[in-house]
Amino acid sequence: MCEVEGDYNGLECNQKIPVPTLNRKCMKCKEGAAVLIIRVNDAFCRACFKEYFIHKFRAMLGKNRVIFPQEKGLSREAPKKLRFMPGIIYIDDGGACGRSAEERQRSNALLKSIFTETGFPYFIVSLEQVFSLPASVLVPGTSDPDPSNLSYKQAVDQYVKEKQTLTEENVASAVAQLSMGDSAYSPEHKLALERLFSSLKTLTAKEDMLQTLRQHLILHIARENGYSKVMMGDSCSRLAVRLLSNIALGRGAALASDTGFSDPRYGDVVIVRPMRDYSSKEIAFYSRMFNVPSVIISGLDTKTHDKASIQRLTESFVTNLQSDFPSTVSTIYRTSEKLHTVMPPQSQSAEPASKCLLCLCTLDTKEDKASAFHATLVSEQLSQIKLQDLSLDAPGQSAEQCCTEGQGCGPGGCCSSNR
Amino acid sequence: MPVQCSNCVQRRAVLKRPKTGHSLCKDCFFWAFEEEIHQTIMSAGLLNRGETVAIGASGGKDSTVLAHVMKVLNERYDYGLNLLLLSVDEGITGYRDDSLETVKRNQQQYELPLKIVSYEELYGWTMDAIVKQVGLKNNCTFCGVFRRQALDRGAMMLKVDKICTGHNADDVAETVLMNVLRGDIARLRRCTAISTASDGEGAIPRCKPLKYAYEKEIVLYAYFKKLDYFSTECIYSPNAYRGHARAFLKDLESIRPSSIIDVIHSGETLSIKEGVKMPVQGTCSRCGYISSQALCKSCVLLEGLNRGLPKLGIGKHHRLHGKILAQEPLTEQEEKKLKPVDF
């Protein structure tokens, strides 16, 4: 619709703007009374909306062929049933967000009751347990590689190689027993988490760190229990915001893995995002109309002002822009579909490119001569004193750097201040 | 307690660098700023000895600083370049005629030859006339497209080897954000390039030496050096879509100053899937200028203006290109779509 060279105002694209009336008919079955409007003008009745919603989910899974809807050997005539066994995982990050123990207990209990009703195995894990991961590296304050860093990577590599023998078909059978997961945590871990988060000065960094820790923990639980896929519930709107904020954070190289449908960077466990086609409006309506139980839990950026962090700013920017230009979120979504991660394929023979320790994406710090990264390094160098001759009374560091061709710095100052 | 310059440590710091947050004295700041541009030019291999280089000069702060720094670096490091100023007159009263006066003063101050090309002589339309026909919404498209060709034509008249424009880091970051928001994959890939590809035939390559210089630092530089520049916004710009991207970028900068460079870094490192349809470069069948369609954009826009159908260039109408080339009249339904919108 409103593409690159098109009009930016979505309304101008339609020749005739239908006047909204009180009794519009559902655009699909043409007989039911419409109960909601999604996108710009599509009205649906209740039943058709439910069908549309569920159909989109199936289509998303089927189209991407990452999760096999049919197990080997079964007839193809049974495509409707989703043939995999899901578990549910919830990470309690109250420790990072500063919520009290009673609040966390309360929401955990609520969630437990919801999860038990679904009948799937579930895990309620607290974020503090990220410190008990094998040879954990996430100690507050450390930013340079420690010996413990390396052993974590090695342990992960080891794990990855082991798990590569797990085939897809084994997933269905390798479902974990109904365990509550360990939501208990030791006081040192709690303290460690608090220290970690208070050492991060900006909210942006905190949110980023929270995301990383959460990923690691989810990954670990998935591996431990033999799951080869993790489904995340990110909606289209949320992913659009994440795409933009990742661009602002400088994570251009990892954009496709952070926001794409499947995220293969962890080796054996694949992260998929089947909800990425749904706008938050659709999800909210569905949840409301079909009484999906949900619990509202405040996060790090709840009730903060617009400019508290980059992620928060991006969210309010996209939301505001969306109201003027209704195609904003879908355009950003389509842009993200066209990106791909610069990932080497999972071939055992090729030497793996060096990866970032925290996000496990290929490093993008190759110092290309003419790049933004190089420019940043140059600026850092130029603004600070070099450990060279400091006894000159001319500006700049050493005379050789400042004045070429032996002009020398005269008493009137350096040549740079002439004009 | 007064802060000392973090570079020379001897003098008192007079400013805080927006880019890195270091406190610097005036001379160290000048030196660092100029040196960074020098590094950019050297590491990207932008300019070669003996070339004639046209500096796109609008009289605004970016091009004034660019002209100044290029002159300084040319002498200091002996680039051996032949510099001259090239300016475009869009015909916007109250804005462009004032800034052109500034450029003429720059010509005297820097002792560089100056050439002015105008939309009037190249296309027969001034921006004021265009806005009267098009309205206030999509006029930046016309101005931008026309200006690009005007710069190229002026450069060809002067027989230069390269064009330098004063695009700064903020501009490039805004462009990256804008292209993501508009879904323009083709431009997204190209917009972070520091210089346009130079094929043997066709357009003159252009580069952006100020690509990694923050706008705030450019302003500081111009202020402290007391350079003469024109500082008013174009009167037609408030409704441009770019304004949204700019406001967002400014907010980002206030939260974390390095985000401008981070956005550029993201733009440089992101990669597009293979198999995504990309436009192929060809030439316009009417004017011979480079184009990815049968007709180049400025021919389409001009055609629209001349026929009284200003929306011809706005929106996907390349199916109509064939008709335009053959000078056929458009059907009534097509014409209705392209007439200006009445409010």
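Computed from heavy atoms alone, side chains included, the values below leave out hydrogens, waters and symmetry copies. This is a predicted model, so every value here is computed, not measured. Order of the sequence lines fixes the chain letters, A, B, ..., with proteins taken first and strands second; residue numbering starts at 1 for each chain.
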Heavy-atom distances under 4.5 Å only: say whether [X] touches chain A with side chain, backbone, both or neither.
X: B/L177; result: side chain
X: B/L252; result: both
X: B/E268; result: side chain
X: B/S259; result: both
X: B/S254; result: side chain
X: B/L188; result: side chain

For the backbone of [Y] and the side chain of [X], can you confirm whether one donor and one acceptor N or O come within less than 3.5 Å of each other?
X: B/D171; Y: B/N168; result: yes
X: B/Q4; Y: B/Q10; result: yes
X: A/R242; Y: A/D234; result: no
X: B/K211; Y: B/T192; result: yes
X: B/Y214; Y: B/P257; result: yes
X: A/T259; Y: A/L243; result: no

Check: Would you say A/R276 has more than 12 foreign heavy atoms packed within less than 6.0 Å of its CZ?
Finding: yes
Note to self: Take a 6.0 Å sphere around CZ of B/R189 and say whether it holds more than 12 heavy atoms from other residues, nucleotides or ligands.
What the structure shows: no
Item checked: Separation between CG of A/L239 and CG of A/L244, rounded to the nearest 0.5 Å -> 11.5 Å
Margin query: Counting only non-hydrogen atoms closer than 4.5 Å, does A/D306 touch chain B with its backbone (N, CA, C, O), its side chain (CB onward), both, or neither?
Written below: neither
Next item on the list: Please state whether the side chain, the backbone, both or neither of A/L249 comes within less than 4.5 Å of a heavy atom of chain B.
Entry: both
Item checked: Heavy-atom pairs under 4.5 Å with chain A, option from B/K26, B/R17, B/H265 with the top count -> B/H265
Margin query: Looking only at heavy atoms and a cut-off of under 4.5 Å, which of B/D251, B/I261, B/V176 has the most pairs with chain A?
Written below: B/D251
Margin query: I'd like to know whether A/S379 forms a side chain to side chain donor-acceptor pair (under 3.5 Å) with B/K19, so could you lay out the CA-CA distance, the side-chain angles of the two residues, the decisive distance to 0.1 Å, and finally the verdict.
Written below: CA-CA 8 Å; A/S379 306; B/K19 192 167 187 179; 3.2 Å; yes
Check: What do you reckon, are the aromatic ring centroids of B/F29 and B/F224 less than 6.0 Å apart?
Finding: no
Note to self: For chain B, which candidate among A/A248, A/S336, A/A240 shows the most heavy-atom pairs at distances under 4.5 Å?
What the structure shows: A/A248
Notebook entry, point to check: Of the listed residues (A/S245, A/S330, A/A375, A/S316), which shares the most heavy-atom pairs with chain B below a 4.5 Å separation?
Noted result: A/A375
Margin query: For residues 307-315 of chain A, give me every residue with a non-hydrogen atom less than 4.5 Å from any non-hydrogen atom of chain B.
Written below: A/K307, A/S309, A/I310, A/L313, A/T314
Check: Between B/Y212 and A/H374, does a ring-ring contact (aromatic ring centres under 6.0 Å, His included) hold up when you go through it step by step?
Finding: CA-CA 10 Å; B/Y212 298 118; A/H374 180 73; 8.7 Å; no
